[in-house]
Amino acid sequence: MDYVFDEKIFKETFNVQEFDTKSQDVSRLRHNPNKKFKLFPYRANRKIHIVLELEEIISEFFKLALGIETDRIVFDDLCQRVKKKLVIDKEDEPFFEITVKQMFFKDDKFLAKNIGLYAYQSQTDNKSAEDLAFFLFCALGLDVNDCLIMKEATKKYPYNVMDCMVMEALPSIQKERCINEKKYFVVIKGMQEKFKNDFKYMLKNGMTEAEEISNLLDLYYFYYVTRTCVVLDNFGAGNRESKVDFYYALDWEKVSGNRKCCVNGWEQLQQKINHLFCHSITLELINQHKDEELMYDYIMLQEYIGNDEEKDLLVAEEIRKVEKAYTDCIGDYKKFSDIAEPVGVNQTDKAIKHLFKCVEEQFLNTERKRANRFYIEKFEQYAKSRWLKNRRKSGTVLNLTEKDIIFLTKISLRNAEKIRLNDLFKEYEERGIFLDQTSRKLVQEFFTKLNLIDKKSDSGDAQYVKRIL
């Protein structure tokens, strides 16, 4: 199917109001990302809850994998359900109820302490957590086979008798949300298999505490979004498989301004994160066409064009129609004509970059800059709470704690008894974590203190890190 912009669909998606109802000096549309092109699970609204701890999404993540929907677990109802399956003397019922409450409830909320109960974990009504779980489910590429592995893991966990009784008593409804709901577009590739292998290892080897699963989701969530921002900023020249070298510092080390973690770290990343909302709107605009199933990002349009110069000119013309339809509705910004013609790999790439600048300029220079900020902060605040540390004069840098190092090392070694230190750092890099020589030396010292360095090898002075139990 040829790429053709449909202005009627654009007007419906963006709730365009005609001149007879709105002045020409105001905006006559509403910016609605994730209607035709689903990129990120954020909203341009300050009142929306920001997910800072990914333990919040584990319940929804497992519901998606198991294909179930669960209701709020009420203590009295659960007790009655379990007692129906048992023979309990009347005088023992109070003791039984106290045991259930102590084991499975906290502040009247059902508390999941093992993988078989995560899908039933009590949650406050938090649409942001649900959206983020579905986003990660799509971005990390989980398929039917992965869901089966997760389902089997919930069955094989070494449950005690009370766990088994409660699990049998909990009601659930089959609901395949992943089949019915429009999926998020996956911009980058290559990291999904790494995630799956890490996750499978953890499930098989009992690394199923909520903290451990949230650590894995933290790692790949941050990696996916930051890499996606870099690829999007390259527009038609973007590469889904490209690796991005962003450097971290260790939580306990001193940092100077000339280190790689300062020069090539958060400061560079933040510039790209500032474009999140503008990219989501630009891609939404580009996807105002009749094919409901097809979503084009910048790279897909380049693949669609290939080396066909005629097709390039036709698509570029359609993008210019998108821009005109859009800018005609933005009456409160009058400087679109001042935006310079950008450099691009071809005419379509130039047209898309110009459209992006039109979106960006009106967001930065109208009252809608607040919406831009509200959208960005959904990821930025998460990053600050989990991955960043303020180093005062050296600025804010990407940060790894001792727990992060131990977790990364566990999933890197898996079942191997030891790994060459340089190979371990390569494993970190496969997961988006880069360290300069100063940080690497301090990691080595950290492992030495833990008695995990093994110098005995055929390579003489080669350093090996032993498996962390």
Judged by atom type as modelled, is there a donor-acceptor pair below 3.5 Å linking the side chain of [X] to the main-chain atoms of [Y]?
| X | Y | value |
| --- | --- | --- |
| Gln192 | Gly190 | yes |
| Lys378 | Arg43 | yes |
| Ser385 | Tyr382 | yes |
| Ser27 | Ile330 | no |
| Lys389 | Asp251 | yes |
| Asp297 | Leu283 | no |
| Tyr296 | Ile286 | no |
| Ser128 | His49 | yes |

Does any donor atom in the side chain of Asn32 or Asn15 lie under 3.5 Å from an acceptor atom in the other side chain?
-> yes
Has [X] got its NZ or CZ under 6.0 Å from the middle of the six-membered ring of [Y], at an angle within 45 degrees of the ring axis?
| X | Y | value |
| --- | --- | --- |
| Lys83 | Phe96 | no |
| Arg227 | Tyr223 | yes |
| Lys369 | Phe363 | no |

Who passes side-chain hydrogen bond (donor to acceptor under 3.5 Å, both in side chains) against Asp233, sequence neighbours left out?
-> His275, His279
Output every pair passing salt bridge (charged side-chain N to carboxylate O under 4.0 Å, His left out) with a member in residues 358-368, not counting sequence neighbours, ordered by first then second residue.
->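 Applying salt bridge (charged side-chain N to carboxylate O under 4.0 Å, His left out) to every pair that reaches into residues 358-368, excluding sequence neighbours, yields Asp332-Arg368, Lys357-Glu360, Lys357-Glu361.
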Neighbour count above 12 (heavy atom, 6.0 Å) for Glu380 CD = yes
Result of checking Lys183, Glu181, Glu284 against Lys38 for side chain to side chain contact (heavy atoms under 4.5 Å, CB included) = Glu181
Ring-ring centroid check Phe446 Trp252, cutoff 6.0 Å | yes
Examine Phe135 together with Tyr224 and report whether their ring centres are nearer than 6.0 Å.
->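 Centroid separation for Phe135 and Tyr224: below 6.0 Å.
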So, are Asp77 and Arg72 salt-bridged, with charged N and O less than 4.0 Å apart?
->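 Between Arg72 and Asp77 there is no salt bridge, as every charged N stays at least 4.0 Å from the carboxylate O atoms.
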Identify each donor-acceptor pair in which a side-chain atom of residues 194-201 lies under 3.5 Å from a protein atom, sequence neighbours left out, and give them as a table.
unit_1, atom_1, unit_2, atom_2, d
Lys194, NZ, Glu427, OE1, 3.3
Lys196, NZ, Gly141, O, 2.8
Lys196, NZ, Asp146, OD2, 3.0
Asn197, ND2, Glu193, O, 3.2
Asp198, OD1, Arg414, NH2, 2.6
Asp198, OD1, Arg431, NH2, 2.8
Asp198, OD2, Tyr220, OH, 2.5
Asp198, OD2, Arg431, NE, 2.9
Asp198, OD2, Arg431, NH2, 3.4
Tyr201, OH, Arg414, O, 3.3

